[in-house]
Amino acid sequence: MLSGKERTDLVNVARLYYEQGLTQDQVARRIGVSRPLVSKMLARAREAGIVHIEIRAADEGDAALLTALQAKYALAGGLVLPQQTDAEQSVQAAAAYLAGELLYERSIGLGWGYLLGESVALLAQQCVRRQPGAVLPLIGRAHIPNKGYRVDELAEMLAAACGRQAWRLAAPAFPGSMEEREQLEATPAYAELAAMWRKMDAALVEIRDFPSVPDEATATRFGDSLKRQHAVGSFLSYYYNERGEFISGEHDFAVRIPLGTLRRCPKIIGLALGAAPAAIAGALQTGLFTHLLVTESTARKILEK
């Protein structure tokens with residue numbers, strides 16, 4: 001009987017070899033083991049039933065749903081989770097997936113959100129391999145009493161666990177004026193972080209509903225624009241409608257990675273375990289996301305749209 005960690009390791013190696021097309025030598029270099037060990041792990045994955053015609057971890061849902069989502073929204077990958085009775089189980093499964101999909105990337109950006117914070121905390125516990133790299137906050141801090149909204153601290157926690165450098169934004173997400181934001185953007189520290197954003201290999205972003213709790217100062221930033229323009233969701237406090245069109249606010253001075261820079265990132269993973277189908281579908285319509293984590297029942301509703 002495989003332990004949870006053993007199964008996760010075998011699934012990760014199988015994905016690199018069979019799905020991403022890496023050679024055994026390349027897989028060995030990427031995960032920091034010998035090539036003979038990679039060969040043994042691939043054989044064990046086949047024996048354990050992980051590798052059939054497709055690669056599927058024990059906690060994955062219907063692979064056909066993921067394939068349909070990939071075809072409809074041009075996704076490169078993701079995870080469709082069985083509906084769990086306990087939200088904690090979903091977060092654990094998400095962290096196991098992210099251990100293989102995210103931790104091998106050199107430069108990682110983090111967004112915010114309750115489930116994202118829980119997932120990153122579990123992910124930090126699974127960092128068994130230390131390698132050079134960076135963990136970057138993608139948005140400033142919010143005055144919300146939850147670790148998922150203290151992105152600088154999340155970056156420091158994950159970086160410390162994985163032996164990487166943590167970067168800090170050290171700024172409020174919602175300054176009171178454009179002048180305050182421009183003063184921050186003029187600092188050398190911000191310029192250095194902005195340069196790192198442009199070289200980022202992967203980003204983890206939580207997709208949220210609109211309206212939602214906690215509220216992200218939407219009345220002050222947008223007035224009634226979000227309601228008038230039929231906002232359905234947000235990520236990184238960027239709001240959009242069901243067609244994936246972003247909604248601007250006259251007083252939206254948020255400090256975060258610019259959308260143009262985010263679009264340059266080759267891998268953007270949307271964590272959507274707590275979002276409604278309309279919020280997820282709208283996020284996918286923006287064309288930004290390359291990977292999606294979603295529950296099986298929600299995936300079916302998205303595909304029905």
Side-chain angles (χ1 to χ4, degrees), residues 2-42 44-45 50-51 54-60 66 70 75-79 91-111 116 119-138 154-167 196-206 262 264-271 289-293:
L2 294 174
S3 68
K5 182 182 182 305
E6 287 172 331
R7 177 169 287 274
T8 296
D9 289 344
L10 294 180
V11 170
N12 292 338
V13 168
R15 282 197 169 110
L16 292 171
Y17 183 72
Y18 290 104
E19 291 185 344
Q20 297 188 25
L22 274 62
T23 65
Q24 292 190 18
D25 283 334
Q26 289 170 328
V27 173
R29 287 195 296 271
R30 183 140 178 197
I31 67 174
V33 301
S34 67
R35 191 201 61 75
L37 181 55
V38 170
S39 180
K40 291 179 181 178
M41 293 176 76
L42 290 171
R44 185 73 181 101
I50 293 169
V51 175
E54 63 186 11
I55 302 168
R56 186 186 296 189
D59 52 9
E60 286 187 84
L66 178 58
Q70 288 177 285
L75 296 171
L79 179 67
V91 172
Q92 290 173 346
Y97 170 81
L98 292 170
E101 192 63 64
L102 196 63
L103 290 183
Y104 293 114
E105 303 294 349
R106 185 176 180 88
S107 179
I108 301 168
L110 296 179
L116 188 146
S119 298
V120 170
L122 288 175
L123 187 60
Q125 298 173 17
Q126 299 183 36
C127 281
V128 294
R129 178 173 178 255
R130 301 172 72 84
Q131 66 179 43
V135 184
L136 316 170
L138 300 180
L154 286 179
E156 289 174 343
M157 175 176 60
L158 186 59
C162 300
R164 304 177 187 221
Q165 179 182 0
W167 290 69
M196 291 298 296
W197 282 340
R198 290 191 289 271
K199 298 184 290 185
M200 188 168 60
D201 297 306
L204 177 62
V205 175
E206 183 170 335
L262 185 61
R264 297 173 58 172
C265 182
K267 180 185 289 185
I268 303 177
I269 303 173
L271 183 63
F289 291 91
T290 62
H291 293 68
L292 180 70
L293 282 79

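In what follows, residues are counted from 1 in the order of the sequence shown.
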May I have the step-by-step check of side chain to side chain contact (heavy atoms under 4.5 Å, CB included) for V38 and Y17, ending in yes or no? CA-CA 9 Å; V38 170; Y17 183 72; 5.7 Å; no

Any chance you could lay out the side chain to side chain contact (heavy atoms under 4.5 Å, CB included) test for L204 and L102, step after step, and finish with the verdict? CA-CA 8 Å; L204 177 62; L102 196 63; 4.2 Å; yes

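Formation of a donor-acceptor pair under 3.5 Å by the R164 side chain with backbone atoms of R106 is found in this model. Judged by distance alone, with hydrogens and angles left aside, the side-chain atoms of Q126 form no donor-acceptor pair with the main-chain N or O of A99 at under 3.5 Å.
For S119 against L98, the heavy-atom pair with the smallest separation is CB-CD1, 4.4 Å. When all heavy atoms of A95 and L123 are compared, the pair lying nearest together is O-CD1, 3.6 Å. The two residues A94 and L271 make their nearest non-hydrogen contact at CB-CD1, 4.2 Å. Closest non-hydrogen pair, L16 versus V27, comes out as CB-CG2, 3.9 Å. L262 and I268 make their closest contact through O-CD1, 3.3 Å (heavy atoms, listed as atom of the first residue, atom of the second, distance). The heavy-atom pair separating A203 from C265 by the smallest distance is N-SG, 3.9 Å.
Salt bridge E101/R15: absent, no basic N to carboxylate O contact under 4.0 Å.
With values rounded to the nearest 0.5 angstrom, M157 atom CE is found 10.0 Å from C127 atom SG. With values rounded to the nearest 0.5 angstrom, F289 atom CZ is found 10.0 Å from L75 atom CG. Rounding to the nearest 0.5 Å places CD of Q26 at 10.5 Å from CD of Q20. Once rounded to the nearest 0.5 Å, the distance linking CZ of R264 with NZ of K199 reads 11.0 Å. Distance check, rounded to the nearest 0.5 Å: CG of L110 to CE of M200 gives 9.5 Å. For the atom pair R44 CZ and L37 CG, the distance stands at 13.0 Å (nearest 0.5 Å).
Here the side chains of L154 and L116 are in contact, with some heavy-atom distance below 4.5 Å. Within the 4.5 Å cutoff, the side chain of L292 has no heavy atoms near those of the L66 side chain.
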